[in-house]
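Input: a single structure, listed below in structure tokens.
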Amino acid sequence: MATGNFASIVDQVKLDVLPKDPAVANAAKRKEITRTFITDTISVPTEEMYAYATLATLGDDVYHEPSTLALEAHIATLTGKEAALFMTSGSASNQIALRTHLTQPPYSVLCDHRAHIHKYEAGGTAFHSGAAVLPIIPSNTHHLTLQDVKDNIILGDDIHFAPTEVVALENTLNGTIIPQTEVVAISNYVRSVGVKMHLDGARIWHVAAETNTSIKELCDPFDSVSLCFSKGLGAPIGSMLVGPKDFIKKARWLRKLFGGGMRQTGILAASAAYALTHNFPQLPRVHALARRLEAGLEEIGATILSKAETCMIFYDPTPLGTTFDEIADRASALPEPLILGGSRLVIHIQTSDSAVDDFLAMVRQLAEEKKAAGFVKPEGGANGVIRDVYVRRVPK
Ligand SMILES: Cc1ncc(COP(=O)(O)O)c(C=O)c1O
């Protein structure tokens, strides 16, 4: 039964989401991004990236979108794999990869205990694939070794166990790089026992930039790889899953099943292409800035928990007599605020040099105030451990 005329329905439906003055609001956001250390996913498209993206083709990706197909073909070639599939996110890419590899339970996925697929995908590996996860603590505390994998992989048909069907590595992991020789050794062994290798390569770009190793060489030891455009590369949305043709064909089906079949993705594919061309070359500068941040913190006397191998460092300010909360509160009260979480500091292509200078000056000032108030640095510094990448700050 009609409850109004069309004009009144139009009135109910319409919406304007733009801020009052978009130019001012977005300029403020762009400025904020240059001073945000929480993650690299907050980096924003530039005007130039948007301008390029609007020229993309207008196809529907469920029926194969031309710009997206071109991106998929390029990444397949770049990684040395037969095929590629554009995904909404790194989590979707990892989870659909695992779901595609794993077909008949019982089975397990072996990974580092800090792995994104284990800790930060909301239990997706259990939910989507019904897989047990074997989260392994690296014996050297830095990266999984061949021995760690051999010691923990489950093989055979003892019915008490869930045999390992996928070993999933992450590179970078918390900004650290797994030596490629170790990756190759793990892969040679794992594949020799008939188990698949998956790489969460959300930030594999950083490994290539830091070690001058080709993306193909980094991906060769893996059956499937997920690579992200929306983190260090600064595109707004999207990841790519690569692997054998049949694997990607099945993954495309599962992507649709999970509701991840997108439509006019040309604009996203073009943003990713722009990021590959213009933002990837900026990574050495990003890593150099991260090293400068680390050197500054060390000089002030903070403990470095995880070094700036690429774009992240983890630190502990306890030896300075201060806390993450105190630092974050002080940072947000600066005339030009800095946005901080906890132990993790991430540098990205839009981090400004002055943000790093201001952060170091602020920490130095805090340390001096604590010293003046009688704080004495404990013998041996701090013995902090990295608890969590994502800081769950409880609102006051
Ligand atoms: C290593 C790693 N893998 C996967 C993901 C998931 O990516 P997304 O947030 O796009 O789902 C992230 C997110 O930051 C990540 O850091």
Side-chain angles (χ1 to χ4, degrees), residues 33 36-45 75 85-99 109 111-125 127-129 133 135 138 142-144 166-178 183 197-210 218-219 222 224-242 251 254-255 258-260 262 265 268-269 271-272 275 283 286 290 306 309-314 341-349 386 388-392:
I33 296 307
T36 300
F37 290 92
I38 290 175
T39 175
D40 48 8
T41 59
I42 44 86
S43 53
V44 293
I75 300 294
L85 179 63
F86 192 53
M87 296 283 194
T88 50
S89 68
S91 301
S93 192
N94 281 329
Q95 292 301 326
I96 289 174
L98 293 174
R99 189 65 193 83
V109 175
C111 62
D112 191 298
H113 73 118
R114 303 161 296 175
H116 204 276
I117 60 157
H118 169 53
K119 284 197 79 172
Y120 305 117
E121 291 178 12
T125 309
F127 184 83
H128 297 299
S129 297
V133 176
H142 183 269
H143 59 270
L144 286 181
V166 176
V167 169
L169 301 183
E170 186 174 311
N171 204 11
T172 62
L173 191 158
N174 286 352
T176 65
I177 297 173
I178 318 177
V183 173
M197 290 284 294
H198 173 73
L199 174 66
D200 178 350
R203 295 184 181 82
I204 198 69
W205 317 106
H206 296 266
V207 184
E210 191 59 31
L218 295 170
C219 294
F222 297 93
S224 57
V225 181
S226 169
L227 311 92
C228 291
F229 304 115
S230 61
K231 304 185 171 65
L233 291 191
I237 294 176
S239 299
M240 194 67 85
L241 178 63
V242 297
L254 290 172
R255 184 186 70 170
F258 284 126
M262 296 177 283
T265 50
L268 300 179
S271 298
L283 294 184
V286 167
S306 180
E309 292 182 31
T310 55
C311 64
M312 291 180 200
I313 70 166
F314 289 78
S343 182
R344 184 172 83 153
L345 299 169
V346 184
I347 304 288
H348 53 82
I349 52 171
I386 299 165
D388 246 315
V389 168
Y390 298 107
V391 180
R392 284 160 286 175

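One-based numbering along the sequence shown. Both counts, for ligands and for their atoms, begin at 1 and track the order of listing.
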Per-atom contacts, ligand 1 versus S91 - under 4.0 Å to a heavy atom = 6 (C), 7 (O), 8 (P), 11 (O)
Does T41 reach ligand 1 with a nitrogen or oxygen that is under 3.5 Å from one of the ligand's nitrogen or oxygen atoms?
-> no
Considering only heavy atoms of N94, which atoms of ligand 1 have at least one such atom less than 4.0 Å away?
-> 4 (C)
Do any nitrogen or oxygen atoms of S230 come within less than 3.5 Å of a nitrogen or oxygen of ligand 1?
-> no
Any donor-acceptor pair under 3.5 Å from R344 side chain to I38 backbone = yes
Select one of side chain, backbone, both or neither to describe which atoms of T39 lie under 4.0 Å from any atom of ligand 1, heavy atoms only.
-> neither
Which atoms of ligand 1 are found less than 4.0 Å from any heavy atom of R203?
-> 1 (C), 14 (O), 15 (C), 16 (O)
Could you tell me how the ring of H128 sits relative to the ring of F258: parallel (under 30°), tilted (30 to 60°) or perpendicular (over 60°)?
-> perpendicular
Could you walk me through whether L233 and C228 pass the side chain to side chain contact (heavy atoms under 4.5 Å, CB included) check?
-> CA-CA 8 Å; L233 291 191; C228 291; over 6 Å; no
Flag for E121-H116: side-chain donor and acceptor within less than 3.5 Å | yes
Does the side chain of S93 come under 3.5 Å of the side chain of S226 through a donor N or O and an acceptor N or O?
-> yes
Distance-only donor-acceptor check, side chains H348 and S43, under 3.5 Å | no
Polar atom proximity, G90 to ligand 1 (N or O, under 3.5 Å) | yes
Identify, by atom number and element, the atoms of ligand 1 in contact range of A202, meaning under 4.0 Å from any of its heavy atoms.
-> 1 (C), 2 (C), 3 (N)
Does one side chain, of N171 or H143, offer a donor that lies under 3.5 Å from an acceptor on the other?
-> no
Report yes if D200 has an N/O atom closer than 3.5 Å to an N/O atom of ligand 1; otherwise report no.
-> yes
Under 3.5 Å, N or O to N or O, is E170 touching ligand 1 that way?
-> no
Residue E121 vicinity, atoms of ligand 1 by number, heavy atom under 4.0 Å = 4 (C)
Return yes if a side-chain donor-acceptor contact under 3.5 Å exists between T39 and T41, otherwise no.
-> yes
